Amino acid sequence: MRVLTGIQASGKLHIGNYFGAMKPMVELQEENELFTFIANYHSLTTSKDADTLRQYTIDAAVDYLSVGIDPNKTTFWVQSHVPEVLELYWILSKFTPMGLLERAHSYKDKVAKGISANHALFSYPVLMAADILMLDTEIVPVGKDQIQHVEMTRDIATKFNNEYGEIFVLPEHKVAEEVATIPGIDGQKMSKSYDNAIDLFMDEKPLQKRCNKIISSSTPLGEPLEWEDDNIYALAALFLDDAQKQELQARYKSGKEGYGHFKKYLKELIWEELGEAREKREYYLSHMDEVNDILAMGAKKASKIASRKMQDVRVAIGLN
Ligand code: ADP
Ligand code: TRP
């Protein structure tokens, strides 16, 4: 299956991103033809300055490669390096009724949050449709908030196909396996906007400090602890198989250890899980030319498919 995902680069990644988005994506590449790009044209809609956008783009590339995007298996590029997408975006705009865009939840939510509306924000779903249709994508794995955008893509493609012939493949969305919402150090959903995240790549000491800030109940040392609603347990469980979870539950119930011990244990789990990724990250950070080569190779591959598609589109509508 041809699977396409876009990554919105928006700063440091955290444990919630890792389990909720990165790991599932890395697993997809084993059995599919995976296309993954960093959606920097999309990020432009909310970007504040040039340096930040540039930095976020390269950080995302390094981080995703470090956690396991394999450039030999996956086509990985930066959206703006394949500019065909903008031509298709304009053409698709003609097949996008205003009413369709006006109904977009994501646009309405962003405006409600106070982001001032501009045309790019409004037409964001058309660019996303161009990303998807340009590469004959069959499956788009998305979070719930993006399902509507894939449905809009199907509407736009259907309108085009009905008027000008069967050019586009209709994509299906696939809601990523329900990954439970990962809690932050305060027990709310972990999010970079709530200042409750544990960042993915921290040095060991700051990581321990961050883990020490996890809010837990105030049961005194020596008494059995409840694991059921404990944030440290919830985070640690992400790293454990069933037998290991039971072992940890037994340690909670024994009353011999306090939350401090479990915070140390959690730090160890995070540190160990990311050991290989950390090494790769060190490597890529000191070999940025390799990262750029990987992205250039990905852009070339995506561009080859896109330019063939664009040729068919241009002929179909009379531009060629
Ligand atoms: P943030 O809330 O920190 O801004 P994003 O909205 O940029 O995170 O999320 C990027 C990806 O990571 C999305 O696919 C999202 O579903 C996933 N993700 C983010 N936070 C969590 C979380 N706490 N639990 C599970 N998945 C998450
Ligand atoms: N809008 C997506 C998000 O915010 C990112 C994205 C852009 C995307 N283009 C895409 C995702 C195409 C899948 C397919 O997460």
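Every number for a ligand or one of its atoms is a count from 1 in the order of the listing. Every value quoted in this text rests on a predicted model; they were computed, and no experiment measured them.
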Step by step, work out the salt bridge (Lys or Arg N to Asp or Glu O under 4.0 Å) result for Lys159 and Glu163.
-> CA-CA 6 Å; Lys159 207 162 165 0; Glu163 292 178 36; 3.3 Å; yes
Between Phe122 and Tyr107, does the ring centroid distance fall short of 6.0 Å?
-> yes
Short N/O distance, under 3.5 Å, between Lys192 and ligand 1?
-> yes
Within-cutoff protein neighbour (heavy atom, under 4.0 Å) for atom 16 (O) of ligand 1 = no
Report the relative orientation of the aromatic rings in Tyr124 and His42; use parallel for angles under 30°, tilted for 30 to 60°, perpendicular for over 60°.
-> tilted
Shortest protein heavy-atom distance from atom 24 (N) of ligand 1, along with the residue and atom involved = Ile182 N, 2.9 Å
Is there a donor in the side chain of Asn40 and an acceptor in the side chain of Ser80, or the other way round, less than 3.5 Å apart?
-> yes
Option whose closest heavy atom lies nearest to atom 9 (O) of ligand 1, chosen from Asn17, Val142, Leu13 = Asn17
Aromatic ring proximity, centroids under 6.0 angstrom, Phe262 and Tyr252 | yes
If you measure from atom 27 (C) of ligand 1 to every heavy atom of Ser10, Gly11, Gly16, Pro24, which option wins on shortest distance?
-> Gly16
For ligand 2, list every N/O pair with the protein closer than 3.5 Å, one pair per line with the distance.
from	atom 1	to	atom 2	distance (Å)
ligand 2	1 (N)	Tyr124	OH	2.7
ligand 2	1 (N)	Gln146	OE1	3.0
ligand 2	4 (O)	Tyr124	OH	3.2
ligand 2	4 (O)	Gln146	NE2	3.4
ligand 2	9 (N)	Asp131	OD2	2.8

Just which atoms of ligand 1 are under 4.0 Å from any heavy atom in Ala21?
-> 11 (C), 12 (O), 14 (O)
May I have the step-by-step check of ring-ring contact (aromatic ring centres under 6.0 Å, His included) for Tyr164 and Phe95, ending in yes or no?
-> CA-CA 11 Å; Tyr164 286 92; Phe95 299 87; 5.7 Å; yes
Below 4.0 Å from any atom of ligand 1, is there a heavy atom belonging to Gln8?
-> no
Examine His14 against ligand 1 and note whether any of their N/O atoms are separated by less than 3.5 Å.
-> yes
Closest non-hydrogen protein atom to atom 2 (O) of ligand 1, residue and atom name please, with distance?
-> Ser191 OG, 2.9 Å
Relative to each other, are the rings of Phe239 and Phe19 parallel, tilted or perpendicular (30° and 60° limits)?
-> perpendicular
Can you give the donor-acceptor pairs under 3.5 Å from side chains of residues 136-143 to other protein atoms, not counting sequence neighbours?
from	atom 1	to	atom 2	distance (Å)
Asp136	OD1	Lys309	NZ	2.8
Thr137	OG1	Ile132	O	2.7
Glu138	OE1	Arg2	N	2.7

Are His287 and Tyr283 near enough that their ring centres are under 6.0 Å apart?
-> yes
Any idea which atoms of ligand 1 are less than 4.0 Å away from a heavy-atom of Met190?
-> 20 (N), 21 (C), 22 (C), 23 (N)
Hey, are Gln29 and Asp70 close enough side-chain-wise for a donor-acceptor pair under 3.5 Å?
-> no
